[in-house]
Amino acid sequence: MRTSPPPPLGRVVVVGAGMVAHRLVAGLIERAPADGWSVTVLGDEPWVPYDRVHLSELLTAGRDACDLALDPAVWDDPRATVRTADPVDHLDREAQTVTTRSGAVVPYDHLVLATGSWAWTPRTAGTDLPGVFRYRTLADLEDLRTWVSSRSTALGRPLRGAVVGGGVLGLEAAAALQALGTSATVVEFADHLMSVQLDEAGGEALRVLVADLGIEVRTTTGCTGLAAAGDGAVARMALSGGDEIDADVVVFSTGIRPRDRLARESGLAIGERGGVVVGATCRTSDPAVWAVGECASYEGECVGLVAPGNAMADVVVDRLLGGPRLYVPAPEGTKLKGVGIEAAAFGDVLALTPGALEVTFSDPVARTYRKLVVSDDARTLLGGVFVGDASLYSQLRPMLGRPLGADPSAFLASEGAAPGVDLPDDVVVCSCTNVTAGSVREAVTEHGCTTVGAVKACTKAGTVCGSCVPVLTKLVNAQLEASGIEVSRAMCEHFAMPRAELYALVREGELRTFSAIVAAHGTGRGCAICKPVVASILSSLHAGHVLSRDHAGLQDTNDHVMANLQKDGTYSVIPRVPGGEITPERLVVLGQVAADFGLYTRITGAQRIGMFGARIDQLPAIWQRLIDAGFESGQAYGKSLRAVKSCVGSAWCRFGVRDSVGMGITLENRYRGLRTPHKFKVGVSGCARECAEARGKDVGVIATAGGWNVYVGGNGGANPRHADLLAEDLSDDELVAVTDRFLAYYVRHGDRLQRTAPFVADHPGGIEELHAILVDDSRGIAAELEAEIAAHVAGYRDEWADALDDPDKLTRFAAYVNAPTTADPDLAYTPQRGQVRPALPGEVSHPDPRIARTLEVTP
Amino acid sequence: MTVPCSTDVCALGALVPERGAAALVDGAQVALFRLADDTVLAVQNKDPFSGANVLSRGIVGSAGDAPTLTSPMHKQVWDLRTGSCLDDAGKAPHADGPDLRTWRVTVAGSRVLVASR
Ligand code: SRM
Ligand SMILES: Cc1cc2nc3c(=O)[nH]c(=O)nc-3n(C[C@H](O)[C@H](O)[C@H](O)COP(=O)(O)OP(=O)(O)OC[C@H]3O[C@@H](n4cnc5c(N)ncnc54)[C@H](O)[C@@H]3O)c2cc1C
Ligand code: SF4
Ligand code: FES
């Protein structure tokens, strides 16, 4: 509570136009009174503050300085000014002014130092040669990119790159070099990678994964000097062991130091290890001067991460406005990013706490290493290391210093199936709605909820993005059990068993209609949960077309009209583009159809083309034209194969070892239309660089010199998971056989709406057991499984072609049963970026999207 | 055959059992559902939660004795006889709701007649 009116704000001057400075300005604009103050930010870089954290995307994702700029709208505010490309030269604390190199003198009432850090490089011979870079600023990376392109043109070959420093940033830089087409060797002085964050075993596990990407790693090795080629540019690097390596481009990533010169020279207190000393209020030894971000030293430490800096900025804003906020360091962890490998750690990684115990789980097949550090009584979580699979990191990091609630090994033993049920009451389980574990438990104990659905309705948890539902379910079931209430395995009120059991019953009983199934095994007339499940089971068992009249009532609207429902009641059309390969002629057809019907078009996230906004009554006409051009349904609506994503592979790529597009098309044509417990996706990469992101798919295929490696159980989406290696070095035929078996097995045993990721993670015996069943055929069912897929392949017919041939099926596309071609009068569109989207109330709009596209909108 | 204040919408055979169809009745959008016993029920086609005219495309089922409809958009559930909302899926309705307006339906011979008021 505020007791006295806030002091007048006056002129706030910030030195350094970095990430934390931006946060501070945004905070002032949001919270400070309308007038009586100004904020001036003085920066030495030529840019307004940009997102340094995602700097590598400049090289890896083709982003530019404008893409990286942090919300530039703050500079439109008349009270905020930013001056760039003019470093502050000195402070005069007496006169309360700062002077820039160009000679400008800026008076302040409050001064905030936000100068960040500089990238330190060792004093080694040759660090000033052309071709040697640091990795800190936009200019550093632009120079690096320019160098790589001009130097490789000059040399007429791809460059050989070297990175000095094997920490998170060094690895990120090495991956970026690769993205620029340069090879990369990482030289690390310590005996393992990420030596500050990981233990030795974790570092070793990481080395294996990094080496797999084609990055050479040399640990326990220092760079002792750089030598130039005849033209003066860097060419060789001498190493501490006496070796020398080629290096046409060198990046130093050897640590950062706080930029505290201004503070030092003006006599402010400086920490022992550098940095401007601040207390919990973020004030320096001069009450008119504050310091935030990487340049501030709190309790003797400067932190090289953005989150603590932002927290400090928030403190200063609050304090300037007379508030009481204090800076409280949160336990930070580190997660590797930008490399395509999961590695993360937090807390007491080396188990230095007296009596600390380490529980380690290392899986050489899945290439994961995970370790938890716990107190001597194995109860309190002290730290964790995760390499290869960091899915536990976000779940466990908030639990640092708290009781784990379960045997530590239970968390590590099986992937994805972590207990997670003994979350402390105050831990937030649903971040969308900010509901804690305690509120979820209370819903069961106090409010009498007995199902996950009831808890969702009661607490609102899990009702926004849904990504917390798995954790929520575990929590609710555990609480029900603890309260002595039997946990129902029922699918819904109509069927008392889970999907896999119903599948077996239907299969054995040879039941063929919903009515027969519900009469034999259920009650009532079904619902939106069990009906689509029954439809999927019947379809997997080849009991008739998904669209046959018998099954029509079972389908969600998406399956019913073979298109995906959009927010305004129209549908999207996504034809199959096997393997992502498409002829120019077919592209023209898609463009023409979209233009004729006024559909919004985009490239989807799965390498195909989506056309949005088709009315239900337009779908048959649209599909007729697509089918005439040789397209078929992409099943973007079904719980079935979506796309097989592939990379260009050996046909064009200089690294490709096999024809990934060809294999992608084979697999897509084989499994198209197959109905599964949830949708499934496949990826095929032509080499270990993995441009198709196959390991993020349900089935991932990666070409190697010896054949195809197949991985299963990958997932993107809300809970990403890398697929596990199921079999290696397969021939084309073997690959198809193993994939057949896996998919048929999943159809039999998967739960309702269970993707393969949790299916594989929770499979008893894990991937080893799956390998035994599917590759070694330990249960003697391989032939049966293959036969099920063969029957599917033989019976496949394009659903859309089928529907267009059948007048009875076409009746379902009537807009109104008494006015089949009347457009829904409530549909209206507004222009956006040259196309249309559904109009919001009050917006300029037109019912015909072709006209809406051309409307003028005055901003 | 005519019934006062009713609109003859379609033949019973045009409705698929346990599946909906939309109809225009005096300018209003109505969603018709033919149950397994050939009763026909009618509720508004506009989903009060999303504002889209899509309820005719939802799944028909049961909850206890009540015949139910589930929205194809965000899975709210209603009692088809009364239009009352049985499960709001944790959401607040946008348009007036959450309950649905209903229409009286008569099946006269092979024709489906919807009361205009
Ligand atoms: C259209 C598309 C977005 C786009 O414009 O790019 C899309 C659109 C939808 N996605 Fe997706 N997803 C699309 C690619 C993806 C991808 C990327 C990919 O396939 O490589 C992913 C992550 C990969 C993965 O699945 O592992 C993805 C993960 C999801 C998920 C999360 C699944 C999970 O296991 O966590 C959902 C939710 C679900 O299925 O329960 C979802 C659901 C949806 C739904 C069905 C949401 C809904 O109920 O309306 C959207 C359908 C709208 C429509 O009209 O098609 N979508 N979605 C993409 C269609 C690709 C295609 O050509 O078929
Ligand atoms: C490649 C890369 C990846 C990163 N990834 C992550 C990550 O994943 N997670 C994470 O938390 N952090 C990450 N970081 C660190 C993160 O970017 C920093 O913690 C954050 O930018 C610190 O903000 P700051 O405002 O304190 O310093 P900065 O953003 O560095 O801003 C300080 C600014 O002050 C300027 N300046 C210095 N002296 C003067 C002067 N005398 N006059 C005028 N201007 C001056 C500097 O030039 C600079 O522009 C990454 C950094 C890099 C380089
Ligand atoms: S396309 Fe996918 S990620 Fe995008 S809004 Fe829809 S469901 Fe969400
Ligand atoms: S995290 Fe719970 S709904 Fe998004």
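Atom CD1 of B:Ile59 and atom CD of A:Gln555 lie 8.0 Å apart (nearest 0.5 Å). Note that the CD atom of B:Gln29 and the CG atom of A:Asp824 stand 4.5 Å from one another [nearest 0.5 Å]. Between B:Leu69 atom CG and A:Cys527 atom SG the span is 12.0 Å, to the nearest 0.5 Å. Separating the OH atom in A:Tyr816 from the CG atom in B:Leu32 is a distance of 12.0 Å, to the nearest 0.5 Å. Taken from CG in B:Leu55 to OG1 in A:Thr557, the straight-line distance is 11.0 Å, to the nearest 0.5 Å. Put simply, CD on B:Glu18 and CZ on A:Arg525 are 4.0 Å apart, with the number rounded to the nearest 0.5 Å.
The environment of NE2 in A:His521 is crowded: more than 12 heavy-atom neighbours from other residues, nucleotides or ligands sit within 6.0 Å. Annotation for B:Asp38: atom CG counts as buried by contact number, over 12 foreign heavy atoms lying within 6.0 Å.
At least one donor-acceptor pair closer than 3.5 Å links the side chain of A:Asn818 to the backbone N or O of B:Leu24. Under the 3.5 Å distance criterion, the side-chain polar atoms of B:Arg19 are left unmatched by any main-chain donor or acceptor of A:Arg812.
For a residue to count as touching a neighbouring chain, one of its non-hydrogen atoms must lie under 4.5 Å from one of that chain's; by this rule A:Ile529 does not touch chain B. Using a 4.5 Å cut-off between heavy atoms, A:Lys531 touches chain B through its side chain atoms alone. With a 4.5 angstrom heavy-atom cutoff, A:Ala528 touches chain B via backbone and side-chain atoms both. For B:Ala23, the parts lying under 4.5 angstrom from a heavy atom of chain A are both the backbone and the side chain. Proximity to chain A (any heavy atom under 4.5 Å) is shown, for B:Ala11, by neither the backbone nor the side chain. With a 4.5 angstrom heavy-atom cutoff, A:Ala815 touches chain B only via backbone atoms.
Between B:Val54 and A:Gly569 the shortest heavy-atom distance is CG1-CA, 3.4 Å. Across A:Leu565 and B:Pro72, no two heavy atoms sit closer than the pair CD2-O, 3.6 Å.
Annotation: maximal heavy-atom pairing with chain A below 4.5 Å, among B:Ala21, B:Ala52, B:Ser62, occurs at B:Ser62. Contact tally against chain B (heavy-atom pairs below 4.5 Å) for A:Ser515, A:Gly524, A:Gly526: the top residue is A:Gly526.
Ion pairing between a basic and an acidic side chain is recognised when a charged N comes within 4.0 Å of a carboxylate O; A:Asp556 and B:Lys75 show such pairing.
Residues A:Val561 and B:Arg57 fail the side-chain proximity criterion, which asks for heavy atoms closer than 4.5 Å.
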